[in-house]
> 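Submitted below is the structure of interest, expressed as structure tokens.
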Amino acid sequence: MAEVAFAKTFLSTLDARPSRLSADHVESPRNYPGRPAYILPRMPKAMSQPTNLAPGQERSVTVTIKSLRNPPLNIKLASQPMSTSLLDIKSNVSSQTRIPVDKLKILHNKRPLTDSKILKDVLAESETAVEFSVMVIGGAAAIVPENAASSAAAVALTGVAAVETDAFWTDLKAFLTQRLKDETAAEHLSSLFRSGWESSKSTQS
């Protein structure tokens with residue numbers, strides 16, 4: 001009986017309302033059902049505050065290069081700009097350890113990095129230091145002996161004689177990689193230049 005009474009009350013309420021709403025009808029907000037406030041969930045990571053740097057000023061980081069294998073390395077490079085490429089870091093390590101650049105492989109979180117990447121691609125906005133692992137291909141045998149390095153430095157090749165050395169083509173490939181930001185394209189162009197040079201020599205002879 002309660003359901004019947006409710007239905008009759010509901011129908012009588014509907015009869016009291018107009019069958020059609022006028023064009024200027026406005027519903028009172030007080031008649032709306034109450035709803036709880038919707039609160040956005042918390043972000044998993046707080047947003048970093050933007051840093052207002054002066055024109056020409058860039059954030060610098062400290063780069064640490066370590067290798068627990070042979071040869072053991074522990075090199076720290078301070079105040080490196082965010083635009084520093086991995087090739088620049090490898091060249092810096094090579095100048096300090098006499099290990100050829102093409103024998104070095106830099107890893108971050110156990111993942112190898114290409115030479116075309118820069119520190120800005122690897123680091124988060126709030127990081128001011130990073131640690132890389134370095135893998136030396138060929139181990140200690142890749143280190144140039146000190147007497148060979150000194151003799152090579154004493155005899156500075158120029159002109160055609162410099163082009164005949166493997167070091168020239170290694171430097172050319174490193175330059176192309178840094179310039180093009182594409183290791184595959186740099187490899188292709190350096191091999192193309194070298195094959196063109198060797199074909200021109202055979203033609204002249």
> Using side chain to side chain donor-acceptor pair (under 3.5 Å) as the criterion, list what pairs up with Ser190, not counting sequence neighbours.
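Not a single residue meets the side chain to side chain donor-acceptor pair (under 3.5 Å) criterion with Ser190.
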
> When hydrophobic residues are tied together by side-chain contacts of less than 4.5 Å, even through go-betweens, does Leu77 share a cluster with Ile118?
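No, Leu77 and Ile118 fall in different hydrophobic clusters.
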
> Passes side-chain contact (heavy atoms from CB on, under 4.5 Å), Trp197 versus Trp169? Steps please.
CA-CA 11 Å; Trp197 165 257; Trp169 299 105; 3.8 Å; yes

> Once you round to the nearest 0.5 Å, how far does CZ of Phe175 lie from CG of Asp171?
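Between atom CZ of Phe175 and atom CG of Asp171 there are 11.5 Å.
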
> Same hydrophobic cluster for Val61 and Val122, using side-chain heavy-atom links shorter than 4.5 Å among ILVMFWY?
yes

> Please determine whether side-chain contact (heavy atoms from CB on, under 4.5 Å) holds for the pair Thr97 and Ile75, giving the CA-CA distance in whole Å, both sets of side-chain angles, and the decisive distance to 0.1 Å.
CA-CA 10 Å; Thr97 61; Ile75 300 173; 3.7 Å; yes

> What distance do Asp115 atom CG and Ile106 atom CD1 have between them, rounded to the nearest 0.5 Å?
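Going from CG on Asp115 over to CD1 on Ile106, the span is 7.5 Å.
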
> Taking salt bridge (charged side-chain N to carboxylate O under 4.0 Å, His left out) as the test, write out the residues that go with Asp166, two or more places apart.
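For Asp166 the salt bridge (charged side-chain N to carboxylate O under 4.0 Å, His left out) partners, ignoring immediate neighbours, are Arg194.
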
> Could you check Leu104 against Val136 for side-chain contact (heavy atoms from CB on, under 4.5 Å), going step by step and ending with a plain yes or no?
CA-CA 5 Å; Leu104 294 172; Val136 180; 4.0 Å; yes

> Using every non-hydrogen atom in the two residues, find where Gly196 and Ser199 come nearest and quote the distance to one decimal.
O-OG, 2.8 Å

> Would you check, one step at a time, whether the test side-chain contact (heavy atoms from CB on, under 4.5 Å) holds for Phe132 with Leu119?
CA-CA 11 Å; Phe132 292 131; Leu119 293 178; 3.8 Å; yes

> What is the minimum heavy-atom distance between Lys173 and Ala186, and which atoms define it?
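Shortest heavy-atom separation between Lys173 and Ala186 comes out as O-CB, 4.0 Å.
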
> Between Ser94 and Ile99 (side chain of the first, backbone of the second, donor and acceptor by atom type, cut-off under 3.5 Å), is there such a pair?
yes

> Should Phe168 and Leu189 be counted in the same cluster of Ile, Leu, Val, Met, Phe, Trp and Tyr side chains packed under 4.5 Å apart?
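Yes.
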
> Measuring from atom NZ of Lys117 to atom CG of Leu87, what distance do you get when rounded to the nearest 0.5 angstrom?
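Lys117 NZ to Leu87 CG: 14.5 Å, rounded to 0.5 Å.
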
> For residues 76-89, which residue pairs pass the salt bridge (Lys or Arg N to Asp or Glu O under 4.0 Å) check, not counting sequence neighbours?
none

> Work out which heavy atom in His108 is nearest to a heavy atom in Glu131; give both atom names and the distance.
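Heavy-atom minimum between the residues: CD2-O, 3.7 Å.
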
> Quick check for you: to the nearest 0.5 Å, what is the distance between Ile65 atom CD1 and Leu73 atom CG?
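Interatomic distance, Ile65 CD1 to Leu73 CG, rounded to 0.5 Å: 9.0 Å.
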
> Identify the heavy atoms of Ala124 and Glu127 that sit nearest to each other, and give their distance.
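For Ala124 and Glu127, the tightest heavy-atom pair comes out as N-OE1, 2.7 Å.
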
> Just how far is it from atom CG of Leu86 to atom NZ of Lys105, taken to the nearest 0.5 Å?
10.0 Å

> Rounded to the nearest 0.5 Å, how far does NZ of Lys90 lie from OG1 of Thr177?
8.5 Å

> Are the side chain of Glu187 and the backbone of Ala185 linked by a donor-acceptor contact shorter than 3.5 Å?
no

